Amino acid sequence: MIWFGKQLNEVMWTPPAGVNPIGDENTRMEHALRWVAARDPHLEGEALLDALGATGWVDRGTAARLLPCFRAFDPDRYFAEALRSLSFRGPTAAGEFRQRIGRVMEDMTGTAALGSVGPEECVRFGDGQRQGVVLAYPQVQFTVGGEAVKAVAAAVDEMPDALVIVARNFQENTAGQLRALLQGSEVPGTLITVNLLLGMRASALRYQPGPDRVLQLLGAGRPLRSRDIAVLGDRRN
């Protein structure tokens with residue numbers, strides 16, 4: 001498989017120009033925390049203070065002073081809520097959506113990068129031995145068509161260990177469409193909704209099942225269900 005892409009830690013999370021939260025410093029601090037958590041929920045210590053200061057909504061010194069007052073703030077929860085919200089927004093949100101899906105894949109497999117496959121941008125993930133490609137679409141009732149068909153064909157040429165398609169949810173015929181496109185290729189095509197992917201992330205963070213088990217699940221080659229995700233919590237496997 002050809003691996004190329006931009007590492008997620010190289011992506012600059014620059015707040016959009018003209019966004020200036022109104023309110024006292026606590027309000028601005030919370031806004032900055034939410035903005036950072038929606039994109040990079042793991043940051044802590046000096047890296048978190050740098051990111052908060054980079055938003056321009058609080059300076060670094062203010063962030064350091066106020067951070068102890070926000071002990072109850074849950075960045076993982078806000079990250080999940082923000083990703084769910086983004087998954088409804090359609091093609092205009094595709095870049096942001098893909099970057100955050102990349103963060104999820106990095107959490108679960110240890111390595112993820114932004115790249116491209118055919119005409120589409122994608123997320124590449126893997127553990128060195130096994131590698132996969134994610135095509136991520138912030139759409140409701142997604143079905144494989146148009147540029148997505150070309151991207152699937154390009155992915156087949158690379159022969160990844162897993163081809164994962166993520167969307168808010170899928171039309172009933174999407175699994176059949178994907179099977180037809182992959183027929184004879186031996187590339188496992190896996191469909192997973194945003195909610196199930198977030199559940200998978202939460203299970204991986206809590207139970208630490210190991211990248212091999214996560215990669216095996218992502219290479220299931222069929223739509224994933226809740227019962228599949230629950231297996232990650234079984235410490236006997």
Side-chain angles (χ1 to χ4, degrees), residues 1-11 13 37-43 75-84 86-87 93-118 120-139 142 148 151-152 154-155 158-170 178 187-224 228-229 231-233:
M1 177 181 176
I2 302 171
W3 180 277
F4 58 96
K6 189 176 186 66
Q7 296 299 315
L8 293 168
N9 59 9
E10 298 175 12
V11 178
W13 303 111
R39 292 154 180 81
D40 210 340
H42 334 77
L43 291 182
D76 285 317
R77 178 179 178 181
Y78 194 78
F79 175 80
E81 291 174 353
L83 183 55
R84 288 189 181 100
L86 199 62
S87 70
E96 285 186 74
F97 184 71
R98 194 176 302 112
Q99 289 170 353
R100 298 185 205 188
I101 293 297
R103 186 63 67 198
V104 173
M105 302 309 294
E106 185 176 60
D107 284 344
M108 297 193 302
T109 68
T111 304
L114 301 175
S116 61
V117 57
E120 297 276 39
E121 293 184 344
C122 69
V123 176
R124 297 177 179 275
F125 65 93
D127 65 351
Q129 297 298 317
R130 302 182 65 189
Q131 298 178 357
V133 173
V134 179
L135 296 171
Y137 300 96
Q139 295 179 31
F142 177 78
V152 169
E158 296 185 11
M159 291 295 292
D161 297 297
L163 172 61
V164 182
I165 298 182
V166 180
R168 179 68 190 191
N169 51 34
F170 300 93
L178 185 58
V187 174
T190 303
L191 302 179
I192 184 167
T193 65
V194 168
N195 279 336
L196 281 180
L197 186 67
L198 284 168
M200 190 173 177
R201 174 182 183 267
S203 293
L205 290 176
R206 179 175 180 182
Y207 297 108
Q208 300 293 311
D212 55 334
R213 289 176 58 194
V214 174
L215 287 162
Q216 183 178 7
L217 186 54
L218 290 170
R222 55 178 171 76
L224 293 182
D228 299 313
I229 309 305
V231 172
L232 293 178

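Hydrogens, waters and symmetry mates play no part in the numbers below; they use all other heavy atoms, side chains included. Everything numeric in this text was worked out from a predicted model, so none of it was measured.
E106 and R103 are joined by a salt bridge, as a carboxylate oxygen and a charged side-chain nitrogen come within less than 4.0 angstrom of each other.
Side-chain contact between F97 and L83 is present, with at least one heavy-atom pair separated by less than 4.5 Å. The side-chain heavy atoms of L224 and L197, taken from C-beta on, include no pair separated by under 4.5 Å. When side chains are defined from C-beta on, M105 does not count as touching R124, because their heavy atoms never get closer than 4.5 Å. Proximity of I229 to S203: side-chain heavy atoms (C-beta onward) are separated by under 4.5 Å at one or more points. Looking at Q216 and R130, their side chains come closer than 4.5 Å, going by heavy atoms from C-beta outward.
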* Asked: What's the verdict on side-chain contact (heavy atoms from CB on, under 4.5 Å) for D107 and H42, showing C-alpha distance, side-chain angles and the deciding distance?
  -> CA-CA 9 Å; D107 284 344; H42 334 77; 2.2 Å; yes
* To do: Please report the C-alpha distance between T190 and L178 in whole Å, then the side-chain angles of each, then the deciding distance to 0.1 Å, and finally whether the side-chain contact (heavy atoms from CB on, under 4.5 Å) criterion is met.
  => CA-CA 9 Å; T190 303; L178 185 58; over 6 Å; no
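Separation of atoms CZ (R98) and CG (L114) is listed at 8.0 Å; rounding is to 0.5 Å. Going from atom CG of L218 over to atom CD1 of I192 covers 6.5 Å, rounded to the nearest 0.5 Å. Between L215 atom CG and M108 atom CE the span is 9.0 Å, to the nearest 0.5 Å.
Applying the salt bridge (Lys or Arg N to Asp or Glu O under 4.0 Å) test to E120 and every residue at least two apart in sequence or in another chain returns nothing.
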